[in-house]
Asks: 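I'd like to ask some things about the structure below.
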Amino acid sequence: MADTPEKVPLEEKQQQPPANPLYPTLGQEAANPLLPQTNPQGYPMAPMATGPPAPPGYMPVPQMAGMPIMTQPGVMQMQPVLGQQQVTGWMPIPQGIPNCPPGLEYLTAVDQLLVHQQVELLEAFTGFETANKYTVKNTLGQKVYWAVEDTTCCTRMCCGPDRPFDIKIMDNFQNEVLHLRRDLRCKSCCFPCCLQKLEVSAPPGNVIGTVVQKWSLCRPVFDIRDRNNETVLTIRGPVCQCPCSDIKFAVFTKDGTEVGKVTKQWTGFVQEHFTDADNFGINFPMDLDVRVKATMLGALFLIDYMYFESSDNKKVRR
């Protein structure tokens with residue numbers, strides 16, 4: 001009778017490790033781990049790309065093994081941090097723009113801007129008129145400029161929304177890139193010889209355009225003029241303004257073609273009734289001359305003061 005293989009007890013067979021284990025058995029992790037212990041979690045870390053520190057709102061992209069990232073030499077690839085770039089980030093400055101006033105490079109890369117006026121609590125509850133402050137953003141929520149009114153307390157309280165003003169528009173580095181100047185003039189159709197006018201300078205002292213109110217009996221009309229005092233665009237407002245919806249001021253070329261708009265956005269009953277802090281949007285063609293874009297931005301501020309600033313120093317007092 002042939003010899004039969006020796007039977008191994010089941011308990012001893014379960015204790016013998018297999019010749020080629022696919023998984024480490026109990027007690028073998030420390031001696032023969034399946035994954036290299038490169039970090040406490042037990043998985044390998046992707047090496048980070050070397051280079052300068054990431055700007056605010058960005059983080060470096062990890063360089064995975066076998067997956068090269070094509071970038072220029074010495075440039076670290078960046079990607080936005082979810083939920084952060086749209087809140088706190090500033091728009092990067094476009095480079096290599098010829099024949100452009102310093103600081104206006106931002107306007108070459110946008111065809112729409114959002115202007116938010118800051119709510120002043122002191123002004124809302126006391127009726128004491130404070131200097132207006134604005135934040136200018138692009139459609140991604142990135143800050144482009146911030147603007148502040150430069151007037152005296154006596155001027156604001158005595159002249160109200162008709163007051164002359166200087167508005168300084170600054171970039172992320174607090175450089176004044178645009179200066180808006182409005183003199184004390186009439187705005188009624190009864191005085192056609194001394195209507196509103198606003199000068200736009202970039203840099204300050206170098207006038208690049210003007211906004212001139214035109215005499216009109218029924219609707220607001222403004223001319224956008226270049227540095228040679230030639231009309232390039234015309235802004236026409238509505239005949240009547242609905243207080244509970246967006247209000248549109250259309251922008252036309254000389255031949256009557258609509259190419260943009262300035263919109264006063266409805267912000268809700270509470271903010272509209274108790275404050276004069278407004279939100280605006282402005283649209284213009286992408287290939288429009290950057291100086292004309294800056295002049296249209298100045299027209300937005302003039303429209304705000306003429307039609308949407310409270311004439312009784314605070315709406316809460318109505």
Asks: Name the orientation class of the two ring planes belonging to F280 and F308 (parallel below 30°, tilted from 30 to 60°, perpendicular beyond 60°).
Replies: perpendicular

Asks: With sequence neighbours excluded, tell me which residues meet side-chain contact (heavy atoms from CB on, under 4.5 Å) with F252.
Replies: R236, A250, E258

Asks: Can you tell me how far the NZ atom of K261 sits from the CG atom of D246, to the nearest 0.5 Å?
Replies: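 Output value for this atom pair is 8.5 Å.
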
Asks: Which side-chain N or O atoms in residues 94-110 pair as donor and acceptor under 3.5 Å with protein atoms at least two apart or in another chain?
Replies:
from	atom 1	to	atom 2	distance (Å)
Q95	NE2	I93	O	3.3
E105	OE1	G103	N	2.9
T108	OG1	E105	O	2.6

Asks: With sequence neighbours excluded, tell me which residues meet side chain to side chain donor-acceptor pair (under 3.5 Å) with R182.
Replies: Q196

Asks: For the aromatic rings, using the six-membered ring if either is Trp, is the centroid distance between Y134 and F301 under 6.0 Å?
Replies: yes

Asks: Only counting residues at least two apart or in another chain, list the ones meeting side-chain contact (heavy atoms from CB on, under 4.5 Å) with L288.
Replies: L233, F284, P285, V292, K293, M296

Asks: Once the angle between the rings of Y307 and F249 is folded into 0 to 90°, is it parallel (under 30°), tilted (30 to 60°) or perpendicular (over 60°)?
Replies: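 Answer is tilted, since the angle falls between 30° and 60°.
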
Asks: E230: what forms a salt bridge (Lys or Arg N to Asp or Glu O under 4.0 Å) with it, not counting sequence neighbours?
Replies: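 Here no residue qualifies.
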
Asks: Between R163 and E149 (salt bridge meaning N to carboxylate O under 4.0 Å), is one present in this structure?
Replies: yes

Asks: Tell me whether R181 at atom CZ has more than 12 heavy atoms from other residues, nucleotides or ligands lying less than 6.0 Å away.
Replies: no

Asks: Which pairs of donor and acceptor atoms, one on a side chain in residues 168-178, lie under 3.5 Å apart (sequence neighbours left out)?
Replies:
from	atom 1	to	atom 2	distance (Å)
D171	OD1	F173	N	3.1
D171	OD1	Q174	N	3.2
D171	OD1	N175	N	2.8
N172	OD1	W90	NE1	3.3
E176	OE2	H179	ND1	2.6

